[in-house]
Undergrad: 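One structure follows; several queries about it will come next.
When reading the values below, keep in mind they use all heavy atoms of this one structure, side chains included, and skip hydrogens, waters and symmetry mates. In what follows, every chain begins at residue 1, and chains take the letters A, B, ... in the order their sequences are listed.
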Number of protein chains: 2
Amino acid sequence: MLSNSSKYALKAVLYLTLHTDENNKMMAKDISEKISVPKAYMAKLLQGLAKREIISSTKGPKGGFYINPSNKNRTIMEIIEVIDGKKKMESCMMGLKDCNEHKPCPIHSIINPSRSKMIALLESKTINDLAKDLKLNKVFLPS
Amino acid sequence: MLSNSSKYALKAVLYLTLHTDENNKMMAKDISEKISVPKAYMAKLLQGLAKREIISSTKGPKGGFYINPSNKNRTIMEIIEVIDGKKKMESCMMGLKDCNEHKPCPIHSIINPSRSKMIALLESKTINDLAKDLKLNKVFLPS
DNA sequence: CAAAAAACATGATATTAATCATATTTAGGA
DNA sequence: TCCTAAATATGATTAATATCATGTTTTTTG
Ligand code: FES
Ligand code: FES
């Protein structure tokens, strides 16, 4: 439902939101250490996120990755989509071509209401929302 | 969240529930064709399900796989657990060691209520429940 | 009892996802 | 301007899933 890569990406984006801005950038290597993600893998993910403008980056000395104000308004779902693709979460869990009320699979009624709720929330919450919770110590980032 | 193998297993079990009993058994090959699952893979899955007594089987000519009355009371979750293992569905979606209210990850409050609901339903619905829906044409099995 | 038909057990291959490595480009500072 | 530090692009390796193949055991039937 959520790939490993998405988890790492989300962790990284939240970490960056808490600890960086235009004049406090951070290198891939350091981020990877802070959130315990393999560094080369982290770098690749961050590059992908930067390309899609989920996060910001600058090259060269004193460069690095960071979050600027417009980045903060991305929703959680946007991050997941960039990594896993749009439809992964919405596809039929039993393998029907498309998942809908009109021709539901046997577990559609079990899965779908909860999943829809979940998706709606992921689409409404921004990374800034979650960052606020983190600052208040209401929630915790995996080591 | 739900492996390919689990999907196939669930499809197969439901198909068997509709079309077999002690004196109407079915071979792996035929089941695989009916539900469009590669036959060797299907056979392996069915053997695993039989070993854990999710379905029944007999060897030799006129043998095959089938569902008996006691098999029918298994829950959907039991099938998923046999294939994917117990904890796969309950683990933290961001990678925290354990998922609980006491030390939640940033998306716990988004994910967990819906997921708990889903799990509870999967644990309460039996394959017989779903088979009834199928008979009434309320739901449909993937080709 | 012998032969054949089926599941069973086990291992091999292929595909995909995760991880690693490295050469290229860009930007800052001496 | 040249050196160096960083991201970027691209591809290679490894690990995990999914898929395939084959020999062994059990049971029915002639
Ligand atoms: S049709 Fe299968 S989950 Fe909706
Ligand atoms: S703590 Fe992460 S999903 Fe519950």
Undergrad: Verify, without hydrogens or angle tests, whether Ser116(A) (side chain) and Asn112(A) (backbone) share a donor-acceptor contact under 3.5 angstrom.
TA: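 Between the backbone of Asn112(A) and the side chain of Ser116(A) there is a qualifying donor-acceptor contact (under 3.5 Å).
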
Undergrad: May I ask you to check whether Tyr41(B) and Ser5(B) show a side-chain donor-acceptor distance below 3.5 Å?
TA: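 Yes, Ser5(B) and Tyr41(B) have a side-chain donor paired with an acceptor closer than 3.5 Å.
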
Undergrad: Does Ser5(A) place a side-chain N or O at less than 4.0 Å from the phosphate oxygens OP1/OP2 of dA17(C)?
TA: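 So the side chain of Ser5(A) is outside the cut-off, no N or O lying under 4.0 Å from OP1 or OP2 of dA17(C).
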
Undergrad: Just checking Lys25(B): base, sugar-phosphate only, or nothing, at a heavy-atom cut-off of under 4.0 Å?
TA: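 The answer is nothing, as Lys25(B) stays clear of every strand by at least 4.0 Å.
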
Undergrad: With a 4.0 Å cut-off on heavy atoms, is Met42(B) in touch with a base, just the backbone sugar-phosphate, or nothing at all?
TA: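 Met42(B): no heavy atom of the nucleic acid under 4.0 Å.
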
Undergrad: I need the OH-P distance between Tyr66(B) and dA7(C), as an integer number of Å.
TA: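 In whole Å, dA7(C) P lies 12 Å from Tyr66(B) OH.
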
Undergrad: What integer distance in Å separates Arg52(B):CZ from dC8(C):P?
TA: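 So the two atoms are 14 Å apart, to the nearest Å.
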
Undergrad: In terms of the nearest nucleotide of DNA chain D, which residue is placed more toward the 5' end: Gly63(A) or Lys62(B)?
TA: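 Looking at DNA chain D, the more 5' nearest nucleotide goes with Gly63(A).
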
Undergrad: Starting from the 5' end of DNA chain C, give me the residue, Ser57(B) or Pro61(A), whose nearest nucleotide shows up first.
TA: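 Between the two, 5'-proximity favours Ser57(B).
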
Undergrad: Do Tyr66(B) and Thr58(B) have side-chain atoms, one donor and one acceptor, less than 3.5 Å apart?
TA: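 The answer is no; no qualifying pair exists.
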
Undergrad: dA7(C) C1' sits how many Å from Lys39(B) NZ, rounded?
TA: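 Taking NZ of Lys39(B) and C1' of dA7(C), I get 15 Å after rounding.
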
Undergrad: Which whole-number value in Å describes the distance from Lys29(B) NZ to dC8(C) P?
TA: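 Going from Lys29(B) (NZ) to dC8(C) (P), I get 18 Å.
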
Undergrad: Round to the nearest Å and state the distance from Tyr41(B) atom OH to dT10(C) atom P.
TA: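 To the nearest whole Å, that distance equals 19 Å.
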
Undergrad: With DNA chain D as reference, determine whether Lys88(B) or Ala40(B) sits nearer its 5' end, using the nearest nucleotide of each.
TA: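 Comparing both residues, the 5'-ward one is Lys88(B).
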
Undergrad: Remember a base hit wins even if backbone is also touched, and classify Ala43(A) as base, sugar-phosphate or nothing at under 4.0 Å, heavy atoms.
TA: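 The residue Ala43(A) makes no contact with any strand.
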
Undergrad: Does Lys44(B) get its side chain close enough to the base of dG11(C), under 3.5 Å, for a donor-acceptor pair?
TA: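 Answer is yes: a donor-acceptor pair is held.
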
Undergrad: Looking just at side-chain N and O atoms, do Asn71(B) and Ser56(B) make a donor-acceptor pair shorter than 3.5 Å?
TA: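 Short answer, yes.
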
Undergrad: When you measure from the side chain of Pro38(A), which nucleotide among dT19(C), dA12(C), dA18(C) comes out closest?
TA: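 Given the options dT19(C), dA12(C), dA18(C), the side chain of Pro38(A) is closest to dT19(C).
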
Undergrad: So, Lys11(A) side chain and Ile35(A) main chain: donor-acceptor pair closer than 3.5 Å or not?
TA: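 Looks like yes, one N/O pair under 3.5 Å.
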
Undergrad: Rounded to the nearest angstrom, tell me the gap between atom CG in Leu46(B) and atom P in dA9(C).
TA: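 That distance rounds to 13 Å.
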
Undergrad: Given atom CG of Leu45(B) and atom P of dA7(C), what is their separation to the nearest angstrom?
TA: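 For the pair Leu45(B) CG and dA7(C) P, the rounded distance is 14 Å.
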
Undergrad: Taking 5' to 3' order, which nucleotide of DNA chain D is first and which is last to have an atom within less than 4.0 Å of a heavy atom in chain A?
TA: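 It runs dT4(D) to dG11(D).
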
Undergrad: Does a donor on one side chain and an acceptor on the other come within less than 3.5 Å for Asp84(A) and Ser6(A)?
TA: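 On atom types as modelled, these side chains qualify, holding a pair under 3.5 Å.
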
Undergrad: Take atom CD1 of Ile83(A) and atom C1' of dT19(C), then tell me their distance rounded to the nearest Å.
TA: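 Nearest whole value for this atom pair: 15 Å.
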
Undergrad: Heavy atoms only: give me the nearest Met42(B)-Tyr8(B) pair and the separation to one decimal.
TA: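 That would be CE-O, 4.3 Å.
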
